[in-house]
Amino acid sequence: MTESAPKPVLRIRDLVVEFKTEMGVIRALDKISFEVMAGESLGIVGESGCGKSVTALSILKLIPSPPGRIAEGSIELDGIEVVSQPEHEMRKVRGALASMIFQEPMTALNPVFTIGNQMVEVIRVHQKVSKTKAKKQAIEMLRTVNIESPEKRIDQYPHELSGGMRQRVMIAMALSCSPKLLIADEPTTALDVTVQAQVMEEIKRLQQERNMGLILITHDLGVIAESCSRVVVMYCGKIIEMADTGELYQNPRHPYTRGLLDSIPRVRKEKLKTLPTIQGMVPDLADLPKGCRFADRCPKVEDRCRSEEPPLEDTESGGKVACFHPN
């Protein structure tokens with residue numbers, strides 16, 4: 001008897017998210033599809049406004065409505081269809097099946113409640129335990145993320161902790177109910193370089209220990225290289241490339257991905273007068289060009305690119321790319 005294939009903890013199919021604006025309805029996400037398996041780490045990269053954070057919020061059904069809405073598509077979390085779930089059911093899903101670490105803990109943590117009050121509330125929403133037991137669990141979670149003197153820290157307010165400690169508290173809260181999927185949205189943006197490395201090490205360690213699926217959303221390709229096994233590259237609300245991390249870095253297929261990688265500061269043998277950049281600007285989602293959305297910035301553009309939109313197709317190396325003339 002053969003074992004059945006493992007099921008993904010997250011499966012997104014043809015997801016469309018729209019927002020009503022003064023300029024009309026814009027599509028922040030346009031038919032995106034991907035999966036995350038248990039224990040897998042997936043990185044999502046792209047410039048600001050490409051749809052990374054909207055993707056994360058959609059998974060937990062946190063898109064502000066109005067003006068936003070999930071217009072089409074499917075989101076399955078551990079077999080549960082999220083799109084059709086009413087809000088009272090989603091409260092059971094958030095934290096228990098999927099949790100999120102936000103990029104700025106000072107806005108995610110309530111400044112008028114202690115760390116302990118906020119962690120205990122999260123635990124008791126999903127587990128039928130007393131306040132005393134929930135507090136013990138919270139202290140253990142703070143210890144798990146390497147916060148010193150957790151018995152003391154749990155009674156402090158967010159403003160009494162450093163940026164790195166606040167982010168560790170966010171990680172502890174996100175993991176307090178053992179979710180199957182952890183979403184980290186720019187988790188190290190507001191931290192200095194040494195603390196960034198420590199926080200990312202904690203996230204990876206806990207993800208591997210608990211065999212969770214991980215989605216890491218960032219514009220930092222260096223962090224992706226060290227932390228993720230697979231990468232999704234987004235541009236203007238669409239997935240334009242998807243590949244294993246090693247393959248993507250060694251052999252980027254889409255000209256946009258090549259441009260992102262070339263723009264990473266690194267030690268080079270030859271001296272460059274300027275750091276390579278991607279010319280031009282990201283098009284307005286309210287006024288997208290016909291054809292490929294990257295055409296106006298692409299060094300390999302042809303007439304066909306300006307009239308037809310390239311589909312996301314399989315590559316011989318097992319990835320996917322949306323380009324008529326991939327590298």
I'd like to check Ser41 versus Gln207 (side-chain heavy atoms, cut-off strictly below 4.5 Å). Are they in contact?
yes

I'd like to know if Val120 and Val169 are part of one continuous hydrophobic network [Ile/Leu/Val/Met/Phe/Trp/Tyr, side-chain heavy atoms within less than 4.5 Å].
no

Separation of Ile139 CD1 from Ser149 OG (nearest 0.5 Å)
11.5 Å

Under the side-chain contact (heavy atoms from CB on, under 4.5 Å) criterion, do Glu121 and Phe113 qualify, and how do the steps go?
CA-CA 11 Å; Glu121 181 182 5; Phe113 291 103; over 6 Å; no

Within the supplied structure, the quantity of interest is the number of heavy atoms (other residues, nucleotides, ligands) at a distance under 6.0 Å from Glu209 CD; does it exceed 12?
yes

CG (Asp185) and NZ (Lys52) are apart, to the nearest 0.5 Å, by 8.0 Å

Quick one: list whatever passes side chain to side chain donor-acceptor pair (under 3.5 Å) with Asp244, sequence neighbours left out.
none

Which pairs, with at least one residue in residues 65-92 and sequence neighbours excluded, count as a ring pair (Phe, Tyr, Trp, His ring centres under 6.0 Å)?
none

For the student: nearest non-hydrogen atoms of Arg210 and Ser178, plus distance
NH1-OG, 3.6 Å

Tell me whether Val16 is reachable from Met234 by hopping between hydrophobic residues (I, L, V, M, F, W, Y) whose side-chain heavy atoms are closer than 4.5 Å.
no

Check whether Val232 and Met37 end up in the same hydrophobic cluster, where Ile, Leu, Val, Met, Phe, Trp and Tyr are linked by side-chain heavy atoms less than 4.5 Å apart.
no

Does this structure show an ion pair linking Lys7 with Glu35, if we count only N-O contacts that are shorter than 4.0 Å?
no

ILVMFWY cluster, Leu62 and Ile101 together (side-chain gap under 4.5 Å)
yes

Are Ser99 and Cys177 side-chain neighbours, meaning at least one heavy-atom pair lies under 4.5 Å?
no

For side-chain contact (heavy atoms from CB on, under 4.5 Å), just list the numbers for Leu216 and Met200, CA-CA rounded to whole Å, side-chain angles, deciding distance to a tenth of an Å, and then say yes or no.
CA-CA 10 Å; Leu216 177 60; Met200 283 310 306; 3.7 Å; yes

Determine whether the side chains of Ser317 and Thr315 contain a donor N or O and an acceptor N or O closer than 3.5 Å.
yes

What pairs meet the ring pair (Phe, Tyr, Trp, His ring centres under 6.0 Å) rule with one or both residues in residues 279-298, with sequence neighbours excluded?
Tyr235-Phe294, His254-Phe294, Tyr256-Phe294

Donor-acceptor pair, Arg124 side chain versus Val129 backbone, under 3.5 Å?
yes

Check: His126 side chain, Arg94 main-chain N or O, donor-acceptor pair, under 3.5 Å:
yes

Is the closest basic N to carboxylate O distance between Arg306 and Asp296 below 4.0 Å?
yes

Step-by-step side-chain contact (heavy atoms from CB on, under 4.5 Å) determination, Ile215 to Thr55:
CA-CA 10 Å; Ile215 295 178; Thr55 301; over 6 Å; no

Any donor-acceptor pair under 3.5 Å linking the side chain of Gln118 with the backbone of Asn110?
yes

Using side-chain heavy atoms (C-beta onward) and a distance below 4.5 Å, is Asn327 in contact with Lys300?
yes

Answer whether the closest heavy-atom distance between the side chains of Lys136 and Glu140 falls below 4.5 Å.
no

For Leu175 and Met212, run side-chain contact (heavy atoms from CB on, under 4.5 Å): C-alpha distance rounded to whole Å, both residues' side-chain angles, the deciding distance at 0.1 Å, then the answer.
CA-CA 10 Å; Leu175 300 182; Met212 293 182 297; 3.5 Å; yes

Are the side chain of Arg258 and the backbone of Pro252 linked by a donor-acceptor contact shorter than 3.5 Å?
no

Side chain to side chain, Thr257 and Val231, heavy atoms closer than 4.5 Å
no

Yes or no on salt bridge (Lys or Arg N to Asp or Glu O under 4.0 Å) for Glu72 and Lys31, after CA distance, side-chain angles and deciding distance?
CA-CA 8 Å; Glu72 298 175 27; Lys31 297 278 185 181; 2.9 Å; yes

Heavy-atom closest contact (Gly237 atom, Ile32 atom, distance)
O-CG2, 3.6 Å

Quick one: CD1 on Ile63 to CG on Leu60, what's the gap to the nearest 0.5 Å?
10.0 Å

Near Lys180 NZ, under 6.0 Å, is it more than 12 heavy atoms from other residues, nucleotides or ligands?
no

Ala174 and Leu182 have their tightest heavy-atom pair at CB-CD1, 3.8 Å

We want to know whether Glu202 and Gln167 form a side-chain donor-acceptor pair, criterion being a heavy-atom distance below 3.5 angstrom.
no

Whether the Thr277 and Gln279 side chains hold a donor-acceptor pair (N or O, under 3.5 Å, no angle test) is what I'd like checked.
yes

Are any of the side-chain heavy atoms of Gln198 and Arg168 separated by less than 4.5 Å?
yes

Separation of Lys92 NZ from Leu97 CG (nearest 0.5 Å):
12.0 Å

Short side-chain to backbone donor-acceptor contact, Thr245 and Arg230, under 3.5 Å
yes

Are Val321 and Val45 joined in one hydrophobic group, where the rule is that I, L, V, M, F, W and Y side chains link up if heavy atoms are under 4.5 Å apart?
no

Looking only at heavy atoms, which two atoms of Val83 and Lys61 are closest? And how far apart?
O-NZ, 2.8 Å

Is it the case that the side chain of Ser227 and the backbone of Ile224 share a donor-acceptor pair, with hydrogens and angles ignored and the cut-off at 3.5 Å?
no

Taking only residues two or more places apart in sequence or in another chain, which ones pass side chain to side chain donor-acceptor pair (under 3.5 Å) with Glu151?
Arg143

Distance from Glu241 atom CD to Leu312 atom CG, nearest 0.5 Å?
9.0 Å

For residues 11-57, pull every pair meeting ring pair (Phe, Tyr, Trp, His ring centres under 6.0 Å), keeping only residues two or more places apart or in separate chains.
none

Quick one: CD1 on Ile278 to CG on Leu260, what's the gap to the nearest 0.5 Å?
4.5 Å

Given side chains that start at C-beta, do those of Met100 and Met173 come closer than 4.5 Å, heavy atoms only?
no

Any donor-acceptor pair under 3.5 Å from Glu160 side chain to Tyr157 backbone:
yes

Quick one: do Arg297 and Glu47 make a salt bridge, cutoff under 4.0 Å?
yes

Minimum heavy-atom separation for Ile115 to Leu109, with atom names?
CD1-CD1, 4.3 Å

So that I can tick it off, tell me whether Glu201 and Arg205 are bridged by a salt bridge, with the cut-off set at under 4.0 angstrom between side-chain N and carboxylate O.
no

Heavy-atom check, side chain of Leu288 versus side chain of Arg293, under 4.5 Å:
yes

My understanding is that only residues two or more places apart in sequence, or in another chain, count here; which of them pass side chain to side chain donor-acceptor pair (under 3.5 Å) with Glu316?
Arg253

